[in-house]
Amino acid sequence: MIKAKYTDKSIVADILAHSFEDNKSVNYIIKQDKKRAKRIRKLMEYSFDMCYFFGDVFLSDDRKACALLLLPDKKKTNLKSILSDIKLIVSCIGLSNLTKAMNREAKIKKMHPKELMYYLWFIGVDPKEQNKGIGSALLREIIKESFSMQRAIYLETSTLKNIPWYKKFGFKIYNELDLGYSLFFMKQE
């Protein structure tokens with residue numbers, strides 16, 4: 001596992017945009033129009049920036065998988081983050097989806113613990129390289145990193161087939177949210 005550089009933003013956004021193209025949770029907040037694929041990529045670029053400045057961005061050694069991890073207690077509101085949020089609204093969410101997206105985020109935040117956490121926002125593998133163990137190797141390294149930081153890993157998933165995969169690494173479901181689709185809250189300590 002290697003720590004991504006800012007110049008890796010494009011490769012990370014590519015991997016995640018392709019990996020999350022059909023994800024229910026991502027598509028819930030993205031404006032659904034002919035620019036949907038571009039909007040998903042913009043979301044991943046935004047997420048990269050947030051994790052790069054307020055957490056960690058990792059790539060697998062072969063650069064076929066990546067993970068975005070946020071340290072919510074380190075996230076600061078400043079002019080740059082406000083401008084990034086505005087850009088996200090305009091380029092991804094759209095004004096018509098803004099209330100829905102904000103309500104969703106408030107519900108998610110309410111379910112998050114008050115303790116220090118290592119928030120696994122996104123983990124993805126290039127779709128052509130999936131089922132080869134690359135994502136598993138990356139997740140094992142992330143778990144080691146979380147132990148060294150003495151922080152539990154938290155995540156959400158709306159992809160049912162991912163739940164057994166996370167459970168294999170010691171994650172447990174601690175809550176569920178109905179948003180018209182099920183969003184499962186998981187943690188690994």
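Every heavy atom of this structure was used, including side-chain atoms; hydrogens, water molecules and symmetry mates were not.
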Participant: Please check this pair: side chain of Gln32 against backbone of Ile30, looking for a donor-acceptor N/O pair closer than 3.5 Å.
Facilitator: yes

Participant: Checking side-chain contact (heavy atoms from CB on, under 4.5 Å) for the pair Ile15/Val12: CA distance, chi angles, key distance, verdict?
Facilitator: CA-CA 5 Å; Ile15 291 168; Val12 169; 5.8 Å; no

Participant: State, to 0.1 Å, how close His112 and Met117 come at their nearest heavy-atom pair, and which atoms those are.
Facilitator: ND1-CE, 3.5 Å

Participant: If you count every heavy atom of other residues, nucleotides or ligands that lies below 6.0 Å from Lys100 atom NZ, does the total exceed 12?
Facilitator: yes

Participant: Atom CG in Leu68, atom OH in Tyr52: separation rounded to 0.5 Å?
Facilitator: 13.0 Å

Participant: Determine whether Glu156 and Met186 satisfy the following criterion, side-chain contact (heavy atoms from CB on, under 4.5 Å), listing intermediate values before the conclusion.
Facilitator: CA-CA 6 Å; Glu156 295 95 42; Met186 302 185 81; over 6 Å; no

Participant: Under 3.5 Å, side chain of Ser146 to main-chain N/O of Ile143, donor-acceptor pair present?
Facilitator: yes

Participant: Just verifying a value: how many Å separate Lys35 NZ and Cys92 SG, rounded to the nearest 0.5 Å?
Facilitator: 11.5 Å

Participant: Once you round to the nearest 0.5 Å, how far does CZ of Phe20 lie from CG of Asn27?
Facilitator: 11.5 Å

Participant: List the residues meeting side chain to side chain contact (heavy atoms under 4.5 Å, CB included) with Ile82, not counting sequence neighbours, and say none if there are none.
Facilitator: Thr77, Ile86

Participant: With the threshold set at 4.0 Å, does a side-chain nitrogen-carboxylate oxygen contact exist between Arg41 and Glu45?
Facilitator: yes

Participant: Under 4.5 Å between side-chain heavy atoms, counting indirect links through other Ile/Leu/Val/Met/Phe/Trp/Tyr residues: same cluster for Ile2 and Val57 or not?
Facilitator: yes

Participant: Just by distance, with hydrogens left out, do Asp85 and Tyr46 show a side-chain donor and acceptor under 3.5 Å apart?
Facilitator: yes

Participant: Any cation-pi pair here, Lys187 with Phe171, using under 6.0 Å and within 45°?
Facilitator: no

Participant: Where the side chain of Asp56 meets the backbone of Leu69, is there a donor-acceptor pair that is under 3.5 Å apart?
Facilitator: no

Participant: Group every Ile, Leu, Val, Met, Phe, Trp and Tyr by side-chain heavy-atom contacts under 4.5 Å, then state whether Ile123 and Ile173 land in the same group.
Facilitator: yes

Participant: With a 3.5 Å distance limit and no angle check, can you tell me whether Ser47 reaches the backbone of Leu43 through a side-chain donor-acceptor pair?
Facilitator: yes

Participant: Which atom pair, heavy atoms only, marks the closest approach of Leu179 to Arg104?
Facilitator: CD1-CG, 3.9 Å

Participant: How many angstroms lie between OG in Ser25 and OH in Tyr181, if you round to the nearest 0.5 Å?
Facilitator: 3.0 Å

Participant: Flag the pair Tyr118 / Tyr154 as yes when their ring centroid distance falls below 6.0 Å, and as no otherwise.
Facilitator: no

Participant: Please check if atom CE in Met111 has more than 12 non-hydrogen atoms from other residues, nucleotides or ligands closer than 6.0 Å.
Facilitator: yes

Participant: For Lys31, which residues count as a salt bridge (charged side-chain N to carboxylate O under 4.0 Å, His left out) partner, sequence neighbours excluded?
Facilitator: none

Participant: Check for a donor-acceptor pair, side chain of Ser60 on one end and backbone N or O of Ala65 on the other, with a separation under 3.5 Å.
Facilitator: yes

Participant: Show your reasoning for whether side-chain contact (heavy atoms from CB on, under 4.5 Å) applies to Leu59 and Met1.
Facilitator: CA-CA 6 Å; Leu59 283 161; Met1 173 172 86; over 6 Å; no

Participant: Before you tell me yes or no, could you show the steps for Thr157 and Tyr166 under side chain to side chain donor-acceptor pair (under 3.5 Å), namely the whole-Å CA-CA distance, both residues' side-chain angles and the distance that decides it to 0.1 Å?
Facilitator: CA-CA 10 Å; Thr157 186; Tyr166 286 120; 5.4 Å; no

Participant: Restricting to non-hydrogen atoms, name the atom on Lys42 and the atom on Ser91 that form the minimum distance, rounded to 0.1 Å.
Facilitator: CB-OG, 3.8 Å

Participant: Using a 6.0 Å cut-off, check whether atom CG of Asn131 has over 12 heavy atoms from anything other than its own residue.
Facilitator: no

Participant: Counting only N and O atoms by type, is there a donor-acceptor contact under 3.5 Å from the side chain of Thr159 to the main-chain atoms of Lys161?
Facilitator: no

Participant: Taking only Lys NZ, Arg NE, NH1 and NH2, and the carboxylate oxygens of Asp or Glu, determine whether Arg151 and Asp73 approach each other closer than 4.0 Å.
Facilitator: yes

Participant: Ignoring hydrogens, what is the shortest heavy-atom contact between Phe48 and Lys5? Give both atom names and the distance.
Facilitator: CZ-O, 3.7 Å

Participant: Shared ILVMFWY cluster between Ile134 and Phe58, side chains joined below 4.5 angstrom?
Facilitator: no

Participant: How are the rings of Tyr174 and Phe185 set relative to one another: parallel (under 30°), tilted (30 to 60°) or perpendicular (over 60°)?
Facilitator: perpendicular

Participant: Aromatic rings Trp165 and Phe169: how do their planes relate, parallel, tilted or perpendicular, breaks at 30° and 60°?
Facilitator: perpendicular

Participant: Check for me, please, whether Tyr119 and Leu16 land in the same ILVMFWY cluster - side-chain distances under 4.5 Å, paths through other members count.
Facilitator: yes

Participant: In Å, rounded to the nearest 0.5 Å, how long is the span from CD1 of Ile93 to CG of Leu88?
Facilitator: 4.0 Å

Participant: Return yes if some donor-acceptor pair links the side-chain N/O of Gln130 with the main-chain N/O of Val125 below 3.5 Å, else return no.
Facilitator: yes

Participant: Within a reach of under 6.0 Å around CG of Leu95, are more than 12 heavy atoms found that belong to other residues, nucleotides or ligands?
Facilitator: no

Participant: Side-chain contact, heavy-atom cut-off 4.5 Å: Ser182 with Ser158?
Facilitator: no

Participant: side-chain contact (heavy atoms from CB on, under 4.5 Å) between Leu155 and Phe122: does it pass, once the steps are laid out?
Facilitator: CA-CA 8 Å; Leu155 63 88; Phe122 290 105; over 6 Å; no

Participant: What pair of heavy atoms forms the shortest contact from Ile29 to Ala101, and how long is it?
Facilitator: CG2-CB, 4.0 Å

Participant: Please check if the number of heavy atoms outside Gln150 that lie under 6.0 Å from its CD is greater than 12.
Facilitator: no

Participant: Taking all non-hydrogen atoms of both residues into account, name the closest pair between Met149 and Leu71 and its distance.
Facilitator: CE-CD2, 3.6 Å

Participant: Does atom NZ of Lys9 have more than 12 heavy-atom neighbours, drawn from other residues, nucleotides or ligands, at distances under 6.0 Å?
Facilitator: yes

Participant: Check this for me: does any side-chain nitrogen of one of Asp49 and Lys80 sit under 4.0 Å from a carboxylate oxygen of the other?
Facilitator: no

Participant: Do Leu183 and Trp121 belong together in a cluster built from hydrophobic side chains that touch within less than 4.5 Å?
Facilitator: yes

Participant: Does the pair Asp126/Arg63 count as a salt bridge with the N-to-O cut at 4.0 Å?
Facilitator: no

Participant: Got a second to check how far Lys74's NZ is from Cys51's SG, nearest 0.5 Å?
Facilitator: 15.0 Å

